[in-house]
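In listed order, ligands and their atoms are each counted from 1.
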Amino acid sequence: MSAAANNHHESVRVEVRGLRKSFGDHEVLRGVSFTVERGEIFVLMGPSGSGKSVLLKHIIGLEEPDAGELLLEGQSIHTEGLRDRYRMAMVFQSGALLNSLTVGENVGLYLREHRLKPEAEIQRVIAEKLDIVGLKGTEEKIPAELSGGMKKRVALARALIIEPQLILYDEPTSELDPLIAITIGQEILALRDRTHATSIVVTHDRDLAFGIADRIAMIAEGEILEIGRPEDVRRSQHPLVRKFLTADFKPKQP
Ligand SMILES: Nc1ncnc2c1ncn2[C@@H]1O[C@H](COP(=O)(O)OP(=O)(O)O)[C@@H](O)[C@H]1O
Ligand SMILES: [Mg+2]
């Protein structure tokens with residue numbers, strides 16, 4: 001998560017190769033491999049507890065794999081200084097806004113902390129990012145005044161502040177009612193078109209997955225069962241994929 005602006009691509013290619021991770025004797029990721037192309041919206045879809053958030057944490061560097069590799073633009077993530085060369089943003093499941101700060105302060109936090117721009121410029125950028133997510137003029141509001149959908153949008157605006165080349169979303173529609181969830185999906189599509197960033201979206205929401213994905217990887221119990229375009233995944237004959245796609249319940253997220 002860096003704001004170094006010395007990379008000419010607007011997006012980044014991500015490769016995950018043979019990733020394995022256990023906590024104690026619980027093997028959470030059992031050799032996960034996939035490649036996400038520049039500018040792609042790649043959805044990791046799967047039930048609760050399948051290892052999706054753990055996988056995202058590896059990509060942003062909050063977890064280290066037991067085995068396997070992560071590459072950005074073909075280079076190992078352990079290459080000296082590599083993470084700092086790319087701008088990555090994460091939109092957490094909870095939105096994770098700071099309640100003691102206004103909306104504008106939440107969005108501008110990173111730029112102010114790192115003194116990346118003069119104050120007038122920071123205020124202009126905050127206004128611009130809020131406008132992009134449909135929250136123009138809400139700078140002075142406090143998070144407690146906002147609906148769940150609006151909080152998610154503020155979290156998106158905050159992610160946009162570094163002009164990310166890679167945006168990671170963890171359950172962007174959790175805890176939202178279905179109609180609001182649809183607007184978040186539309187926002188993710190619009191942001192990709194606007195930023196050209198690569199997007200990796202982790203979700204147990206089938207409607208979101210099929211609504212936005214260029215490709216979907218279906219993950220269960222730490223393994224990828226199926227990977228392909230939405231229409232290919234929909235036709236999968238894998239019994240667990242069929243079960244996930246046809247179950248009329250939505251697994252609850254912890
Ligand atoms: N830091 C940790 N220590 C121990 N177990 C963990 C840790 N993080 C995740 N797990 C376990 O790994 C499994 C997958 O978790 P997670 O990736 O959060 O699932 P989800 O697909 O719902 O995002 C769960 O059983 C969870 O309890
Ligand atoms: Mg999760």
Side-chain angles (χ1 to χ4, degrees), residues 1 14-34 36 41-70 77 88-97 148-149 151-152 155-156 158-159 166-178 180-181 184-185 187-188 198-213 215-227 230 233 236 238-254:
M1 301 223 216
V14 180
E15 282 174 81
V16 175
R17 287 193 193 153
L19 210 66
R20 290 183 174 275
K21 181 71 174 181
S22 296
F23 295 107
D25 53 12
H26 181 191
E27 197 177 17
V28 173
L29 297 176
R30 304 163 185 252
V32 170
S33 301
F34 58 83
V36 185
I41 297 184
F42 187 86
V43 176
L44 272 158
M45 176 181 78
S48 175
S50 53
K52 305 183 300 297
S53 293
V54 170
L55 185 49
L56 271 194
K57 284 178 187 160
H58 280 83
I59 297 173
I60 56 169
L62 290 176
E63 293 283 0
E64 278 295 312
D66 298 336
E69 258 199 307
L70 274 154
I77 207 116
M88 296 189 231
M90 171 104 182
V91 182
F92 288 97
Q93 185 159 350
S94 60
L97 300 179
K151 283 182 195 157
K152 300 263 186 190
L156 294 186
R158 189 178 50 185
L166 174 62
I167 311 181
L168 306 170
Y169 297 91
D170 196 356
E171 301 286 358
T173 60
S174 68
E175 296 150 39
L176 296 181
D177 76 54
I180 306 292
I184 295 293
E187 201 65 54
I188 293 171
T198 304
S199 308
I200 302 179
V201 182
V202 152
T203 188
H204 71 287
D205 179 342
R206 292 166 298 188
D207 296 335
L208 176 69
F210 284 95
I212 65 172
R215 281 187 308 141
I216 296 175
M218 169 77 202
I219 184 169
E221 292 172 5
E223 279 180 286
I224 291 187
L225 306 180
E226 197 71 73
I227 189 163
V233 172
S236 170
H238 192 294
L240 285 178
V241 179
R242 293 249 53 85
K243 189 172 166 212
F244 183 77
L245 293 183
T246 55
D248 57 7
F249 63 89
K250 289 213 169 166
K252 260 195 126 57
Q253 204 60 16

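Thr173 is linked by a side-chain hydrogen bond (donor to acceptor under 3.5 Å, both in side chains) to Asp205, counting only residues two or more places apart in sequence or in another chain. Under the side-chain hydrogen bond (donor to acceptor under 3.5 Å, both in side chains) criterion, Glu221 pairs with no residue at all, not counting sequence neighbours.
Between the CZ atom of Arg215 and the CD1 atom of Ile41 there is a distance of 12.5 Å, given to the nearest 0.5 Å. In this structure, CG in Leu19 is found 6.0 Å from CG in Leu55, a value given to the nearest 0.5 Å.
Looking at every heavy atom in both residues, Val32 comes nearest to Ile219 through CG2-CD1, 4.5 Å.
Among Ile188, Val202, Val91, the single residue meeting the side-chain contact (heavy atoms from CB on, under 4.5 Å) criterion with Pro172 is Ile188.
For ligand 1, the atoms lying closer than 4.0 Å to a non-hydrogen atom of Ser50 are 19 (O), 20 (P), 21 (O). The atoms of ligand 1 that sit less than 4.0 Å from any heavy atom of Pro47 are 21 (O).
Contacts between Val28 and ligand 1 below 4.0 angstrom, taking non-hydrogen atoms only, involve the side chain exclusively. The part of His26 lying near ligand 1 is the side chain, judged by heavy-atom distances below 4.0 Å.
Using a cut-off of 2.8 Å, one finds that Ser48 contributes no N/O/S atom close to the Mg ion (ligand 2).
Of the candidates Gly24, Gly49, Gly46, the one placing a heavy atom closest to atom 20 (P) of ligand 1 is Gly49.
Residue-ligand proximity: Lys57 is placed with every non-hydrogen atom at 4.0 Å or more from ligand 1. Within the structure, ligand 1 has Gly51 among the residues with a heavy atom less than 4.0 angstrom away.
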